[in-house]
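The chain is numbered in sequence order, starting from 1. For clarity, every value in this text was computed on a predicted model and none was experimentally measured.
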Amino acid sequence: MASESIKNVIFIMLDTLQFNYLGCYGNKEVKTPNLDRFAGEGFLFENAYSEGLPTIPVRRALMTGRYTLPYGGWKPLDPEDTTLTDILWCREVQTALVYDTPPMRLPKYGYSRGFDYVRFCNGHELDHETFSKVPLSEKFKPEDYVSPNWLTRDADGELDSSGKSLLRETECYLRQRQKWQSDADNYVAVVARESDDWLRTKRDPERPFFLWVDSFDPHEPWDPPSVWEGRPCPYDPDYTGNPLLLAPWSEVAGVLTEEECRHIRALYAEKVTLVDKWMGRLFDSLKEQGLWDNTMVVVTSDHGQPMGEGEHGHGIMRKCRPWPYEELVHVPLMVHVPGLKGGKRISSFVQNVDISATIMDALGYYNTEALHDAGHESISTYDAEDMHGISLLPVMRGETQTVRDFAIAGYYGMSWSIITHDYSYIHWITREIDTDSMNKIFYDGSGKGGNAGRQSAQLEVKEEMWTCVPGAEVALPQQDELYDRKNDPFQLNNIIAEQPEKAKELLQQLKLYIGELRTT
């Protein structure tokens, strides 16, 4: 059995890493040699999907092995949630979290709970205000790192709220970025080095371990080496405008030009290459330390990123709408399993909750009875029996060909979708919503955590929508969408009018599945 060869597990989350920017997923331009080699020697899952989006719901699903989409959106861990570290608490496995992902660190959200060791690396989005009092050199001006077209002023020369917010975020970033000497100071490099430091100097080498590495890169700001070295971006060498470190959360039309969108994608691609470099160094260190042959390594992302028109973002920049299109919900998933011959691509659908089940299976705590006397004075810990996830070890061993026949994805209370091999179907619960409204409801006010998830938790999801009455008639709102997945993988041609019966069938399948989940 493969699990007999696995002593340790390292889980690597690379935030906002879009699957089709990797060579191993078919990209011919973006250079990702280390991740490509990792995938080529291990197992690559071609149809991995995050179900509840974005950042925080995905991590809640990964922490618990349970779907979030039917139950709640952007909110803290509940006391009733059983996490991987709850299961591993007071057992032989030592646990560590090294991260720079600020949403995981929001006040009262609790996403570092239960880890034996926690190292947070300051500076990324939301945390950038930490540096708001650092003096900024006169040679760094935030206006020089965004497009002047995005800064709308009134007759008195006053910026609108969007422009002020954009410049504020850029300025706080520059206050810390001005001190960096090389790409070794970049966020992903720091996280990789801190992870390596724990492995080399802080863990007990006699005990098995579970290390969660959470890099916010390649999330924006789009700040690859070419920007600071004063050379053209290798993926857009003819561009002559300002570097575009950040962009407005908005619809593209009337705000961003196609040239600007293209350059943002090029900077993002260069940043993906930078992430690949530092992940390669971490992989090399694992081999040097003799950990490669007894450590399962999982690499994935929480979601992709809308960055323009059509297949690049369906007309939006950044995650300013609850749109579960392919460029956002389809994620890379690659696994190195000691004791198993890799080099295999697996086409079965899998969801992020399956990663949690796989980790517990590898460490020996999947579908096992809880210890009755674990912890202090018989305070019990829990097992993995209530996980929605399915271990991926059997499919990687070749014992089965399929994990799931379809995947689901969406934003709680706003959008739901089902993805099969032939079709994808999107059901809109909230059909019209602007950025400010979505921030206030779903993100509790732009993700500041002030309401500790209360507003998202109180979103109304009408029970009758998911009634599982056999033969119940399914009404199809005209706004719903159906796509031919084989001929239109990035969902550009809505065919719901041509195939209403197929749409009705998929909506019924989605309703039945969500209904079943809501009872567990």
Item to check | Pair Arg66 + Asp386, salt bridge at N-O below 4.0 Å | outcome: no
Checklist entry - Would you say the side chain of Thr101 lies within less than 4.5 Å of the side chain of Arg59, judging by non-hydrogen atoms? => result yes
Item to check | ring-ring contact (aromatic ring centres under 6.0 Å, His included) between Tyr187 and Phe216, intermediate numbers included | outcome: CA-CA 8 Å; Tyr187 299 117; Phe216 209 42; 8.5 Å; no
Checklist entry - Under 3.5 Å, is there a donor-acceptor pair between the Ser424 and Gln491 side chains? => result yes
Next on the checklist: For Ala357, is there any backbone N or O sitting under 3.5 Å from a side-chain donor or acceptor partner on Asp361?
Outcome noted: no
Checklist entry - Any cation-pi pair here, Lys287 with Trp292, using under 6.0 Å and within 45°? => result yes
Next on the checklist: I need the single residue from Met317, Lys319, Arg321 that forms a side chain to side chain contact (heavy atoms under 4.5 Å, CB included) with Trp249. Which is it?
Outcome noted: Lys319
Next on the checklist: Quiz question: by atom type and distance under 3.5 Å, do the side chains of Glu516 and Thr520 form a donor-acceptor pair?
Outcome noted: no
Item to check | Test item: Asp293 and Pro338 side chains (from C-beta on) under 4.5 Å apart, heavy atoms | outcome: no
Next on the checklist: Could you tell me if Arg200 and Ser285 have a donor-acceptor pair between their side chains, going purely by distance under 3.5 Å?
Outcome noted: yes
Item to check | Geometric class of the Trp212/Phe11 ring pair [parallel <30°, tilted 30-60°, perpendicular >60°] | outcome: perpendicular
Next on the checklist: Salt bridge or not between Glu169 and Arg318? Use side-chain N to carboxylate O under 4.0 Å.
Outcome noted: yes
Item to check | Nearest-0.5 Å distance that lies between atom CD1 in Ile87 and atom SG in Cys90 | outcome: 14.0 Å
Checklist entry - Should the ring pair Tyr25 and Phe19 be called parallel, tilted or perpendicular, given that the plane angle runs from 0 to 90° and is split at 30 and 60? => result perpendicular
Checklist entry - Counting distance only, does the side-chain N/O of Arg262 pair as donor-acceptor with the main-chain N or O of Asp236 below 3.5 Å? => result no
Item to check | Charged tip of Arg119 within 45° of Trp198 ring normal and under 6.0 Å | outcome: no
Checklist entry - Quick check: does any side chain N or O of Asp217 sit under 3.5 Å from a backbone N or O of Val188, one acting as donor and the other as acceptor? => result yes
Item to check | Side-chain (Tyr109) to main-chain (Pro103) donor-acceptor, under 3.5 angstrom | outcome: no
Checklist entry - Is a donor on one side and an acceptor on the other found under 3.5 Å between the side chain of Gln94 and the backbone of Asp204? => result yes
Item to check | Heavy-atom side-chain proximity of Glu270 to Pro234 below 4.5 angstrom | outcome: yes
Next on the checklist: Counting C-beta onward and ignoring hydrogens, is there a side-chain heavy-atom pair between Thr295 and Leu286 closer than 4.5 Å?
Outcome noted: no
Item to check | Any side-chain heavy-atom pair of Lys486 and Asp422 under 4.5 Å | outcome: yes
Checklist entry - Given Tyr111 and Tyr99, is the side chain to side chain contact (heavy atoms under 4.5 Å, CB included) satisfied, shown in steps? => result CA-CA 11 Å; Tyr111 283 86; Tyr99 70 125; over 6 Å; no
Item to check | Pairwise distance CE(Met414) to CG(Leu69) - rounded to 0.5 angstrom | outcome: 12.0 Å
Checklist entry - Charged N to carboxylate O under 4.0 angstrom, Asp196 versus Arg281? => result no
Next on the checklist: Treating Asn352 as the side-chain partner and Ser50 as the backbone partner, does any N or O pair qualify as donor plus acceptor under 3.5 Å?
Outcome noted: no
Checklist entry - Can you tell me how far the CG atom of Leu106 sits from the CG atom of Asp127, to the nearest 0.5 Å? => result 10.0 Å
Checklist entry - Hey, is the main chain of Asp116 close enough, under 3.5 Å, to the side chain of Thr95 for a donor-acceptor pair? => result yes
Checklist entry - Does the Asp276 side chain pair with the main chain of Asn34, one donor and one acceptor, at a distance under 3.5 Å? => result yes
Item to check | Mutual orientation of the aromatic rings belonging to Tyr325 and His314 [parallel < 30°, tilted 30-60°, perpendicular > 60°] | outcome: parallel
Checklist entry - Relative to the ring of His124, is the ring of His219 parallel (under 30°), tilted (30 to 60°) or perpendicular (over 60°)? => result perpendicular
Checklist entry - Can Arg265 and Glu327 be said to form a salt bridge (charged side-chain N to carboxylate O under 4.0 Å, His left out), step by step? => result CA-CA 13 Å; Arg265 294 193 293 269; Glu327 64 271 15; over 6 Å; no
Next on the checklist: Run His312 and Phe490 through ring-ring contact (aromatic ring centres under 6.0 Å, His included) and show every step you take.
Outcome noted: CA-CA 9 Å; His312 301 295; Phe490 280 92; 8.3 Å; no
Next on the checklist: Students often mix this up, so state it plainly: with edges at 30° and 60°, are the rings of Tyr71 and His388 parallel, tilted or perpendicular?
Outcome noted: parallel
Checklist entry - Mind checking whether Glu92 and Pro208 have side chains closer than 4.5 Å, heavy atoms only? => result yes
Checklist entry - Would Tyr425 and Gln509 count as a side chain to side chain contact (heavy atoms under 4.5 Å, CB included) if you check the C-alpha gap in whole Å, the side-chain angles of each, and the deciding distance to 0.1 Å? => result CA-CA 10 Å; Tyr425 177 87; Gln509 185 178 0; over 6 Å; no
Item to check | Exam field: side chain Asp86 to backbone Thr83, donor-acceptor pair closer than 3.5 Å | outcome: yes
Item to check | Residue of the set Tyr235, Tyr21, Trp222 for which ring pair (Phe, Tyr, Trp, His ring centres under 6.0 Å) holds with Tyr268 | outcome: Tyr21
Checklist entry - Counting distance only, does the side-chain N/O of Lys271 pair as donor-acceptor with the main-chain N or O of Pro221 below 3.5 Å? => result yes
Checklist entry - Any chance the side chains of Arg203 and Asn8 put a donor and an acceptor closer than 3.5 Å? => result no
